[in-house]
Amino acid sequence: MRVDISTFGTSLVSRPLGREAALALMANVLRAIPLEEMVELDFGKVLVLTPSWTDEFLRTLREQYSRRLKILPSDNSSVRLTLETIGEEMEK
Amino acid sequence: MKTDTGNKILAYIKEKGEASAKDIINFSGVSPQAVFRQLKKMQIKGQIFKVGKPPKVGYHVYVKNMTNQLPLISNAFNWASAITHSEPPADFYCPSSDVWQGRFSRLAPTLIKKNFDPNVVALVVSAIGEVGDNCFAHNAPGWIDTRGCWFEYEINDSTLRCVIADCGRGILASLRAVRPSLNLAREALLTALTERGVTGRAPEARGNGLKFVMSVMGQLTHGSFSLQSGDARFACVLPLDQTKISEYIIQSLQPIRGTYSEFIIPIPYAS
C-alpha cells in the first residue's frame, strides 16, 4: 500500500505532529491491510520535511511495521537531507 | 559592467559600512541603471544585502565572522535582548505552537508560488522549521514571562530574511539540565550545534535539529545565518564550513536570555 505523506501537510515539522501522524495512519489505514502487505511511504508531494517530524513518525511506525516499511525515492532536498540526518534510507 | 567596477563598489560599501544607491552612483560614475543592475547581481551572489525600505535603503557587505553589527529586519533582537518582555506585534507573535505551525506552513507555498527554486526553498524552510519548533519544544509550558516566539519574514527582491526569537530559558539552561558541567553560553551553543543526541529533553531520543540546520547551511551557497543564546552568537556566511563551527561563535555585546535566529538567504528562481 502506498501512503501519500502530504496528506498530513506539505511542511512537516515537530515531534508531536510526527507521532500523531503515525498513530493516525496506523489506526485509520494500516490496521485494515493484510499482514504481509508492504507499506510504501511516498514523500513526493511534500514541500518541506524536517528531522523532528520524520524521526518521530518513523520511530512510531517501526514499533509495529518495522519490516514492512519502504521509503520511496524523492528528489526533494529536505527529504534527502532529513533522511540522511536521522540515518534512514530511501529505496533506490 | 565589468567585474572590477563590481569590486570597486564592494570595496566602497565595505569602507563606508553602509552606502545608499545615490552614494554608489556618485562614486562609480556609471549610469544609475547599470549601478542598480550590478547591485542586484551582487545581492544574488550574496555579496551584499539591503537594509530599509525606499526611500531609505542602505547597502551592506556580508563579512566573514560577522560581529555584532548584523542586519536586523525588525525590532526582534531588541525585544529578545530586553530584560522584561512585552508581547511582540500581533503580525509576528506566535503565542503557541499551533499558531507558529499555521504561520510556518504558509512560508514554503508562498515562496514556491513566487517561482523560487523549490529545492533551495525546501532546505531553507526546513531549517527555519527546526529552529522555530525549538522555541516551543524546549520552553513550553515553563515560560519565564512572555510565552511563544517572534516569527517574522520578508522577501525583498530575491532574498528571504527571517527572524525567530523567544525569551525562554536559552540553550545553556536547557542543556545544563542534562549536562551540568556546562558553564558558558558558548560551550552550550557549540554542543547544541555539533553533538548529536545531546538534548535538554533527554532521555527522549532527540537532539538532531540544530545539527540538521548546520548541514543545511553547509549546502546553501549564498547568504548568512546567525543564532544567539546568552552572550554566544554563531554567525556565518554561507556556505558554512562544518569543520569550523567553533570559529563562527563570537561573544555578543548584547546578551539575550532566550534565543534569536536570523536567516538572510538569497534564493534563485526556478529554472
Side-chain angles (χ1 to χ4, degrees), chain A residues 4-26 41-66 69 71-90, chain B residues 94 96-113 116-138 140 151 164 196-197 199 201 204-221 242 267-268:
Chain A
D4 176 1
I5 302 297
S6 72
T7 53
F8 298 109
T10 55
S11 295
L12 299 170
V13 69
S14 112
R15 285 183 178 272
L17 294 183
R19 180 170 172 76
E20 171 56 24
L23 292 173
L25 177 61
M26 290 193 291
L41 304 175
D42 181 358
F43 289 89
K45 292 179 188 165
V46 170
L47 300 179
V48 175
L49 191 66
T50 61
S52 57
W53 190 96
T54 315
D55 191 31
E56 203 68 32
F57 177 73
L58 292 177
R59 190 187 299 270
T60 307
L61 277 184
R62 285 204 190 286
E63 287 170 9
Q64 285 189 39
Y65 294 89
S66 182
L69 290 183
I71 301 173
L72 297 180
S74 166
D75 288 333
N76 181 292
S77 53
S78 68
V79 173
R80 286 175 168 274
L81 192 57
T82 287
L83 294 175
E84 187 186 315
T85 300
I86 63 173
E88 294 280 351
E89 284 185 9
M90 284 187 275
Chain B
C94 303
S96 59
S97 181
D98 55 340
V99 176
W100 145 255
Q101 285 280 346
R103 292 187 175 174
F104 166 74
S105 66
R106 289 198 288 273
L107 178 54
T110 301
L111 292 168
I112 286 170
K113 203 171 169 188
F116 288 119
D117 182 334
N119 271 319
V120 178
V121 169
L123 285 177
V124 175
V125 178
S126 61
I128 290 171
E130 285 291 4
V131 169
D133 185 54
N134 278 349
C135 297
F136 297 94
H138 295 286
F151 173 49
I164 303 168
R196 284 184 185 274
T199 170
R201 295 276 300 252
E204 295 172 51
R206 289 177 173 241
N208 287 324
L210 289 178
K211 273 62 78 177
F212 172 78
V213 173
M214 292 294 95
S215 299
V216 168
M217 296 308 154
Q219 293 205 2
L220 295 172
T221 53
Q242 291 182 73
I267 306 180

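Chain letters run A, B, ... following the sequence lines, proteins first and then strands; every chain starts at 1.
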Trainee: Counting only non-hydrogen atoms closer than 4.5 Å, does B:Leu107 touch chain A with its backbone (N, CA, C, O), its side chain (CB onward), both, or neither?
Mentor: neither
Trainee: Work out which heavy atom in B:Asn119 is nearest to a heavy atom in A:Asp75; give both atom names and the distance.
Mentor: OD1-O, 3.5 Å
Trainee: Please give me the minimum heavy-atom distance between A:Ser14 and B:Gln101, naming the atom from each residue.
Mentor: CB-NE2, 3.4 Å
Trainee: Between A:Val48 and B:Ala108, what is the shortest heavy-atom contact and its length?
Mentor: CG2-CB, 3.6 Å
Trainee: Against chain B, label A:Leu12 side chain, backbone, both or neither, depending on which of its atoms sit under 4.5 Å from a heavy atom there.
Mentor: neither
Trainee: A:Leu47 versus chain B, heavy atoms under 4.5 Å apart: side chain, backbone, both or neither?
Mentor: both
Trainee: With a 4.5 Å cut-off on heavy-atom pairs, point out which of A:Leu81, A:Leu17, A:Ile86 contacts chain B the most.
Mentor: A:Leu81
Trainee: Heavy-atom distances under 4.5 Å only: say whether B:Val216 touches chain A with side chain, backbone, both or neither.
Mentor: both
Trainee: Specify the closest pair of heavy atoms between A:Leu49 and B:Phe212, including all atoms of both residues, with the distance to one decimal.
Mentor: O-CZ, 4.3 Å
Trainee: Looking at every heavy atom in both B:Ala122 and A:Ser77, which two are closest together, and how far apart are they?
Mentor: CB-OG, 3.6 Å
Trainee: With rounding to the nearest 0.5 Å, note down the distance linking OG1 in A:Thr10 to CZ in B:Arg106.
Mentor: 12.0 Å
Trainee: Which atom pair, heavy atoms only, marks the closest approach of A:Val13 to B:Glu130?
Mentor: CG2-N, 4.1 Å
